[in-house]
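Worksheet: the structure to be examined is printed underneath.
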Amino acid sequence: MALVLVVAAGFVAAALAPWAARHETGRRWLGPAAGALALLLGLALLLLARAAPEITLPWVPPLGVELALRLDGLGLLFGLIVTGVGAAVLVYGGAYLHDDPLLGRFFGYLLAFMAAMLGLVLADDLVTLFVFFELTSLASYLLIAHEHERREARAAAQQALLITTAGGMCLLVALLLVQQTAGTLRISELRPEVLREGPYLAILVLVAAAAFTKSAQAPLHPWLPAAMAAPTPVSAYLHSAAMVKAGVFVLARLSPALGGTPAWTALLGAAGAVTAVAGAWLALRETDLKRVLAYTTVSALGLLTLLLGVGGRWGAEAFVAYALGHALYKSALFMVAGAVDHAAGTRDVLALRGLAGPLPALALVCGAAAWSFAGLPLSLGFVGKELAYEAALLAGGDLLVGALVVAVGLASAGMAAAACLVAVRPFRPRPDLPAAEATQRAAAHPPAPGLWGPPAACAAVGLVLGVLPWLLDPLASWAAGSITGAPVAAHLEAWHGLTPALGLSTVSAVVGVGTYVAWDHVRASAPLRALGAVLDQAPARAYDLALAGTLRLAGWQTRTFQTGNLRDYLAVILGTLVVLGGLALLRVPALDLPAREALPARDWLVVVLLVLAALAACAPPVRFATIVALSIVGYAAALVYQSYGAPDLALVQVLVETLVVILFVLVLADLPLPARARPRGLRAVRDVAVALGAGAVVTTSMLAVLAAPFDDKLGRWYAHNAVELAHGRNVVNTILVDFRAFDTLGEVIVVVVASVGVAVLLRGVLRAAPEPVAGPVPQGGVA
Amino acid sequence: MEPMTELPFTGREAARAVPIALPALFGLVALCLDLFLPRGRSKGPLAITAAAGALITALVTLALWRGGGETLVIAETLSASSFAAALSITILLAAGLIAFAGVHHGQDAPAVATQAHGEFYALLLFATSGMLALVAANDLVTMFVAVETLSIAVYAMTGMDRRRARSAEGAMKYFVLGAFSSGFLLYGMSLLYGATGTMDLTRIAALPLADGRNANLAAMGGMLIMVGLLFKVGAVPYHSWAPDAYEGAPAAVTGFMSVGVKVAAFGAVLKVVTSLGEAKVFGAGPAWALWLVAALTMIVGNAGALTQRNPRRLLAYSAVAHTGYVLIGVLAVARAFDPNHPLAGAGMLDVARDATSGVIFYLLGYGVANLAAFAVLCHLERKGEDVDDLGDLAGLSKKQPGAALVMTLAMVSLAGVPATAGFLGKFWVFRAGIAAGDLGLVILALATSALSLYYYLQVVVAMYMREPGEALYAGEPAPAAPRSLDPEPRRWGSRLAYVVGGVLIVLLGIYPGERLLTLVVQGAQALLS
């Protein structure tokens, strides 16, 4: 139950936040209070960890869906990231948005997001997991669109939502397939051997698609840099530490069930490697601090995917250390970028310089975080990167090892350069140059403690854990064990000795620093431009084109088929009848009609009359002539009934026909109708074809009915029993009022309903005063 | 046939059919009550009468359902089953909520406004009776009479707002095309009768029609019946009436028909599919046609909704799209009877049951969300004019946070976002679709669902991300005279309706409850016993 409370607490707090933000005191304390709640929840998870609790509540039993929560190593790791970084960001957010009128709503979404994230990492039921997975997408949409007056913020929010929801739909199909194959939705009960029997590849691809959209793997990543339109606390939390990790989390969660196959390694390894390299180097084209950080986040997510693809003990350990390290330094750097923006009024690297003078505290924090970012020794980033190299080196197969090492190396080099770009360039004192405008502004606007305190905490934790990584051993062992599905005894060390990994680290750091020194040239260099064109602009443009194309296609489709013209609608309906009916009739073998004697001349006359009148009804432009022609069709039908021995039916037909003609004429006399527009060209051809086709299909099916041997036992039964059971001699009457009296009652009800309906429609019309039809409603006169 | 010497049914049996007649009786009461209400005054008593009628009918239905078994009553023309009971609940919910939502229609309009309130409630309840009869019908003639009862009432309600040309136009199109569909229905029934010699669906199900000429005839008849019914549910290509009728009718009427007619007609569709399936008339042949219809319906419905700016028209296309999703479940049921299906056998019966449960639950979830959305639109009616443009909703979250919240819930539920009623329905139906082997169709459904977020969120964007009176899109001039969105204190009925709708969306999505699920599952078992 404790787990349910941990998840529910965030949702309750989210509901209370808008209310708390109504008062000035509430606004001031909202950030710290929410941060304290997050810390408390993190603490609760730590305390619960020893018991490793599970809980299962029935939800929708017929579907096998349960609300199942379970705390394991992986859940604890991500739970601590979510609550720990969450606490820092919530405090920071209170200071960052202190004068925002929508502060309450903002915190509501942020807290709801935190709760959804906790639900996601604790879920042990695939539907529970999916529900929270989607809720994080929704929260992300709402938070990106926070500054909704800006067009780019709205577009970015929409793009993020459409892409991640499309991924979510893949996850839904995947979990349906899993349920069908394995017969369970419980993640801890999934057996790899069972899944591999079923549609394994489809499940894998669908799960990967969901994870790749959520975790911004190239080329599905453009939504993430665009999402930087969100307020900085959102970028720091959702788009670096938590929400984007949901994708790799799902992969890690399912790796015991799905992982370890060649397909898994190939898919995740390839996507991860491409993303890791592309993200890190695409970052170097950017000058906006947040966008630089966003692309390196893409790179880090690629690296995490790659590590899961490599798998095994080393991959899992590296994943754990890297995920934690990245969450800590990247959220700190985002918060610093926001603080710089607050103070200096810009985040453009080109406009920022010498900020260490006016903002010494921020410079220190930024340097500490970037140390880990660059993967320099005595930081958690270093530990993670060393392990990543180890994992790559230990992967089987020379070619694979080569590719993986190159990928990790290139990514690390790019990140080291980006770290310098973020931490050195804006802050380095430049006494040789005149003070920039931004620097002067920053001197006048020193950031509040709420803006540098939280990132300082994150960066400090990262460094402490970098010096004393063995503190993480229990957590890392447990989490890595959850990923591999077998117990792992992880031992993290700050110094691995002179290993090949250290050598590779040194090389990549040197290349990174060198790249930074030459950044002004690298930024606009041809290879980077080409990389951007292929992996960045092309997918972004594809998304735009797809969206615009869909809208245009939708518009065309609707205009073409929804013309508002009744004739077009009828043509479609009858056209399908012709096609479907024709196809059905093709299955009827052959029509062997019972031989009949030749029609007498009188009947021929009637038939000719009928056909001529039907043709005439279509032809003339005068309405009265059409009515006359139609009535001839009706009377001719009556003659047919008469000559085949149904005088009563003929009588009814004549009476009804007469009534209809009279009504028609009465109504037409009163209706102001425009001259009938005659269809021309293709339209006319279509109408004729549809009419002839419909006639042919109906006629053929009638003949098919007649060709079937007719069993008249029902008719004989009625005729035989009319007198005895219904005490009547008119068989038709006994059927109507006795044998099937309830149907007649129903028909009577239909008539009553129709008359009430007619009364509604005619009310007032028959009285004198004509009403304005569809005119503008007069203003002012309120009844 | 045995000669009958006694009454074909007993009083106890007849009692099981009472719920079908009850709404019509309350309709007559409303009609009479209207005579005694002063003109121009609130029609609250009528709304309460109608809602009470729906509630009492629902209670009686549930009591009878718990009381006992699945039987055929009144000369086997009606089936008093869990299936009928389960669908009836959604229909009665629609009647009850719309009774409240529609009570303010034309309230603040000039004197010439609609004064057809007595008739509105009478038609609402008559149509409800027709719908209840349709989901219970076990006889082709009864089915036809039920279809006519509900259709004619709904045609008239569509045209009720005579002041607006669109209302008349919508009603006219609906009526003409509806008459066509009734023709298909009747023709199909007569062909089926010609092939089988009986009108009784359970007897048709028991007939051996696997081959021979009669099977072809029956298939043709069944196909035409399906065409007639698919028209009523608004499946492509028989959907063209929906946008015009939904836009023309007053919001309350649209809300009612978008739920009630669809639920009732889907009940009949499932009946026909199972009956003809068991008779081996519907095999692999019609399955591909149904597949095509489902795919087209999803595509055309979602594509149509993408470009709409009138909320009722948008919801009309959305209703078409949802028909497509439900058809996945119907197709799964149809596949269960295909002897050549790779999974044919006992397992497929379970799949068909699961699909039927899914369809029943889906329709409930869809119904609740749609009713909530239309209740909000009714609430925002001013001087007899409905909201005709999404831009008119700009800034609703500031003026009426409650209404905006319920509308948002309705939209995300229709989009199938988790933790709402719409999600569980989709999950259930799509699950059955995959089990029946229609993975491609389910993927199409999910892709179009993801796309549907685009237009559902337009509504949310207007309400939450625009100031009152602001233009909806950048570069568009702000409306010269923005609609008033200020809260109207006298609108108690529509407020009640949307609050109930909003609560149900969340409740059904988070905790549907054991009893409801039992009803849904038993309903499926009753249909496929």
Side-chain angles (χ1 to χ4, degrees), chain A residues 60-63 130-131 134-135 138 145 148 151 161-162 165-166 169 172-173 176-177 180 551 553-555 557-558 562 564 566 569 572-573 576 580 584 587-588 701 704-705 708 711 714 717 721 725 742-743 746-747 749-750 753-754 756-757 759-761 763 771 773-774 777-778 781-783, chain B residues 1 3 40 74 77 108-112 116 119 122-123 126 141 145 148-149 152-153 156 159-160 164-165 173 176-177 180 191 194 197 213-214 216-217 219-220 223 237-238 240 243 303-304 306-307 357 383 417-419 424 428 430-431 434-435 442-443 446 449-450 453 465 474 512 517 521:
Chain A
V60 194
L63 292 174
F130 173 77
V131 167
E134 288 293 88
L135 287 182
L138 206 60
H148 53 73
R151 191 190 175 85
L161 185 69
L162 287 179
T165 310
M169 294 298 155
L172 185 57
V173 181
L176 286 169
L177 285 175
Q180 215 203 331
L551 288 178
L553 195 68
Q557 181 268 129
T558 311
Q562 200 74 38
L566 201 51
Y569 297 172
V572 172
I573 291 174
T576 38
L580 285 182
R587 294 176 56 215
V588 178
S701 65
V705 177
D711 181 1
L714 205 59
W717 186 87
N721 290 296
L725 293 180
F742 275 100
D743 296 334
E747 288 295 346
I749 292 174
V750 173
V753 172
V756 174
V760 172
L761 298 180
R763 194 183 249 242
E771 288 174 28
V773 175
V777 180
V782 177
Chain B
M1 209 179 277
I74 313 207
T77 53
D108 55 357
V112 290
E119 290 89 338
L123 289 171
F126 290 162
V141 177
V145 170
E148 285 307 290
T149 309
I152 290 178
M160 207 172 65
R164 292 187 307 154
K173 284 181 182 163
V176 172
L177 296 174
F180 251 85
L191 287 183
R213 172 168 285 122
N214 276 10
N216 287 328
L217 259 191
M220 177 95 183
M223 193 203 75
Y238 312 109
S240 42
L306 277 178
T307 54
S357 311
K383 299 194 193 308
V417 169
L424 277 185
W428 208 327
F430 294 170
R431 194 175 93 117
I434 286 184
V442 171
I443 288 177
L446 287 169
S449 301
L453 264 179
M465 303 191 185
L517 292 171
V521 171

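Quick caveat, the model's predicted, so the values are computed rather than measured. To find a chain, count down the sequence lines: A is the first, B the second, and so on, and within it residues start at 1.
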Legend entry - B:P237, part contacting chain A, at a heavy-atom distance under 4.5 Å: both
Legend entry - Per-residue contact mode, B:T307 against chain A (heavy atom under 4.5 angstrom): side chain
Legend entry - When B:A435, B:A122, B:A153, B:S357 are compared by non-hydrogen pairs under 4.5 Å with chain A, the top option: B:A435
Inset, instruction - Can you tell which part of B:F430 gets under 4.5 Å to a heavy atom of chain A, answering side chain, backbone, both or neither? - result: both
Inset, instruction - Of all the heavy-atom pairs spanning A:P62 and B:R431, show the shortest one and how long it is. - result: O-NH2, 3.7 Å
Inset, instruction - Could you look at B:M465 and say if it's the side chain, the backbone, both or neither that has a heavy atom under 4.5 Å from chain A? - result: both
Inset, instruction - Check for a donor-acceptor pair, side chain of A:Q562 on one end and backbone N or O of B:S240 on the other, with a separation under 3.5 Å. - result: yes
Inset, instruction - Count the heavy-atom pairs under 4.5 Å between each of A:V756, A:L551, A:L553, A:L177 and chain B, then report the option with the highest count. - result: A:L551
Inset, instruction - Decide yes or no on side-chain contact (heavy atoms from CB on, under 4.5 Å) for A:I749 and B:F126, but give the supporting numbers first. - result: CA-CA 9 Å; A:I749 292 174; B:F126 290 162; 5.9 Å; no
Legend entry - Portion of A:L63 that has a non-hydrogen atom of chain B nearer than 4.5 angstrom: both
Legend entry - A:Q557 versus chain B, the contacting section by heavy-atom distance below 4.5 Å: side chain
Legend entry - Top contributor to chain B interface from A:Q180, A:E134, A:E747 [non-hydrogen pairs under 4.5 Å]: A:Q180
Legend entry - Nearest-0.5 Å distance, OG1 of residue A:T558 to CG of residue B:L306: 8.0 Å
Legend entry - Exercise: identify the closest heavy-atom pair between A:G757 and B:A156: CA-CB, 3.3 Å
Legend entry - Nearest non-hydrogen partners of A:V60 and B:P512, listed with the distance: CG2-CG, 4.2 Å
Legend entry - Shortest non-hydrogen separation from A:L162 to B:A450 and the atoms involved: CD2-O, 3.6 Å
Legend entry - Proximal component of A:L138, with respect to chain B [non-hydrogen, under 4.5 Å]: side chain
Legend entry - Spacing of B:L177 atom CG and A:L566 atom CG [to the nearest 0.5 Å]: 5.0 Å
Inset, instruction - Side chain from CB out, backbone as N, CA, C, O: work out which of these in B:I434 comes under 4.5 Å of a heavy atom of chain A, or both, or neither. - result: both
Inset, instruction - Can you see which heavy atom on A:P61 is nearest to which on B:L517, and at what distance? - result: CD-CD1, 3.7 Å
